[in-house]
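Here is the structure we will look at.
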Amino acid sequence: MRKHYFKTNKMFKIFPLLISVLMVGPLSAQSTERLNSPDGKISFQLKITDKGEMQYSVAYNQKEVINNGVMGVNGWKSGVLVKSVRQTKNNSWWKPVYGERSRVQDHYYGKTFILAKTDHSGQRMQLEVRAYNEGLAFRYGFAGKSKSGKEMTIQKDLTTYTLPAGTRAWFTSHAQGAYTLLPLTKWPSEAERPLTLELKNGVYAALMEAEVVNYCRTKYKLDKNSVNTIACSMFEPVTKKEPFTTPWHVIMVANRPGNLLQNNDLILNLNPPCKIANTSWIKPGKVIRETTLSTDGALKLIDFAVKRHLQYIHFDAGWYAREEDPNADASRVNVDPRRNPVNDLDLLKVIKYGKQNGIGVLLYVNHLALEKQLDTLLPLYEKWGVAGIKFGFVNVGSLKANEWIIQAVKKCAKYHLMVDIHDEYRPTGFSRTYPNLLTQEGVRGNEEMPEASNNAVLPFTRFLCGAADYTICYYHRPSLKPALAKSMNARVLKTTAGQQLALSVIYYSPFQFLYWYDSPKDSKDEPELAFFDKEATVWDDTKVLDGAIGQYAVIARRSDKDWFIGAMTNNDARTLNIDCHFLPEGKKYLATIYYDDPTSPVRTKVSIKKIIVDANTKLEVSLLASGGQAIWMTPVKEK
């Protein structure tokens, strides 16, 4: 069991610095408050205009990021004054149950503003602002004059982001959509979050939300009244009892796109610590999908999982009936005849055989059955020995839908069930609080068979907010599956085998689904599968070595003493240089390199080479169009 540390030891130095200074008495109109990040690179300024409007600005290394954006919600557009200010700062380390690194620093300077109305109505609003080295976060809070628990409706979030002229946004309209680089004009619809921005002054920024727990989702739209300005678009009005706070508005800022991803722990820091007392049953791992929905097929898949060092098999839609059937009963096995007309799946036998071989079983359940049967299914699945559930086609966006998801994850924790949420759900850091939520889809993954150019956008957009279940494939291409070659409408891989290997490192997911459209019979035990065999799904350290949005990415991740590196390109071939400075000085490593090779005798056209590297090594990596390379580095044993 991993614990959250609140004391100092030799391994993790904890600095709980919480300082509060209360400024008593209202600040006059046209007043200004400032706040800097711990490293001084990010500066925030809050200005109350002569009309009592809240405007704010953000700069990075003295370069403009946001200039006179607006803060507030309905009822707080004007006539605002600052009654008092409380200063805070924190510098502490915490240890996640799992993650992209084994420890996380939570370091910020903050200010909490108590705001009142100039009309002496007694209304109060709290504006909490935190400046991290990684970005800025702020949220609104409401307690009421008497804190009596009265209801309040947030009809509109007035927050805007006014950016420098020439800013462009990596736009997608929905969580599984393709990305397009657009100016801040004539968007076809609202933009999904995170929204990554390229500023003309060389700064990169990303707008997103954190801790969306009991609230609706917000997307982004262009402000009709102001140029170069992005406004918030709530899914719906939200009525809450006071006291309550809105989700965090987050502005990540960096000097290069790779640093946005390097700093994505910011989203976790804006969520409460783990609330599960005993987390020993939460075990990330590699997963393969069971598609035959038969006992024989499942037992053979478990054997394959053991052979290929996977940890779970997953029964996909259809094991309990047609998932679209509102009357389907997910408490008993009744295979959809379209998937297996024989209906011979003995699920309990499969689960038992899996346990005997160290392989867990995950079950897919559509939201229709989950919403109707959740309280019956969870204790039953725990009794069966199921390891986790994949939620299918959950509703997203509304307050009601979001509250259902959050409560369902909490209930799953009670019954020791891990969770993977599929389709349009996107994370906002809740996995820190309830780490049994290991991953979620919300990504244009291999179910859509995207081109490599879209894959090269994802590390710097979607993955800023958390893990994504991309569903890595390997054999699903006409050259390896004759049936695909005969089909005119088959969705097939548009990337090389080397890129699929690399993506399993580049794309973080504690449940990493491999061989998504593949089965054991597709495999001929190609030598490069050793990379999938050896790699982890959660990490002790992560280094974003290089990258350009929509062009390429190079990411190194450490598990124990071994490093795994993924390098990928877009639709264009290119040569990159990997600087191995992340390796410890004076240590030599054996690097096994798996690369695309059209001359390889292996049918997947992947070759392998081995070299000795150290911290001074610079590896030249030649990538084919839509290609990639995967590298495994393990320490050389000293003689």
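In this text the structure is predicted, and so the values were computed from the model without any measurement. One-based numbering along the sequence shown.
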*Are Tyr517 and Glu447 linked by a side-chain donor-acceptor pair shorter than 3.5 Å?*
no
_Sequence-distant partners of Pro194, side chain to side chain contact (heavy atoms under 4.5 Å, CB included), two or more places apart_ = Met208, Arg426, Leu464, Cys465
*Are Tyr507 and Phe463 near enough that their ring centres are under 6.0 Å apart?*
yes
*Distance (rounded to the nearest 0.5 Å) between Asp597 CG and Thr604 OG1*: 10.5 Å
*Using side chain to side chain contact (heavy atoms under 4.5 Å, CB included) as the criterion, list what pairs up with Asp346, not counting sequence neighbours.*
Thr295, Leu348, Lys349
_Is a donor from one side chain sitting under 3.5 angstrom from an acceptor on the other, for Ser504 and Glu535?_
yes
*Atom NZ of Lys372 with >12 non-hydrogen neighbours under 6.0 angstrom*: yes
*Tyr595 ring centre to Lys609 NZ or CZ under 6.0 Å, with the angle to the axis within 45°?*
yes
*Validate the cation-pi geometry between Arg339 and Trp319: distance from NZ or CZ to the six-membered ring centre under 6.0 Å, angle to the ring axis within 45°.*
no
*Angle class for the His314/Trp516 ring planes (parallel below 30°, perpendicular above 60°, tilted otherwise)?*
parallel
*Just by distance, with hydrogens left out, do Ser487 and Asn489 show a side-chain donor and acceptor under 3.5 Å apart?*
no
*Parallel under 30°, tilted from 30 to 60°, perpendicular over 60°: which one fits the rings of Trp632 and Phe564?*
parallel
*So, do Phe532 and Tyr474 have ring centers that fall under 6.0 Å from each other?*
yes
_Using the ring centroid of each side chain, check whether Tyr415 and Tyr381 are separated by less than 6.0 Å._
no
*List for me each residue that meets salt bridge (charged side-chain N to carboxylate O under 4.0 Å, His left out) alongside Lys300, sequence neighbours excluded, and say none if there are none.*
Asp296
*State whether a side-chain donor-acceptor pair under 3.5 Å links Asp596 with Thr496.*
yes
*May I ask you to establish whether Lys390 and Phe513 are in a cation-pi arrangement, using a distance under 6.0 Å from NZ or CZ to the six-membered ring centre and at most 45° from the ring axis?*
yes
*May I have the step-by-step check of salt bridge (charged side-chain N to carboxylate O under 4.0 Å, His left out) for Lys307 and Asp533, ending in yes or no?*
CA-CA 9 Å; Lys307 179 180 180 180; Asp533 296 348; over 6 Å; no
*State whether a side-chain donor-acceptor pair under 3.5 Å links Ser509 with Tyr470.*
no
*Is the closest side-chain donor-acceptor distance between Asp562 and Thr634 under 3.5 Å?*
yes
_Checking Asn264 against Glu100: is there a side-chain donor and acceptor pair closer than 3.5 Å?_
yes
*Considering all heavy atoms of both residues, which atom of Pro510 and which atom of Thr537 are nearest to each other, and what is their separation?*
O-OG1, 2.8 Å
*Heavy atoms from other residues, nucleotides or ligands near NZ of Lys410 exceed 12 (cutoff 6.0 Å)*: yes
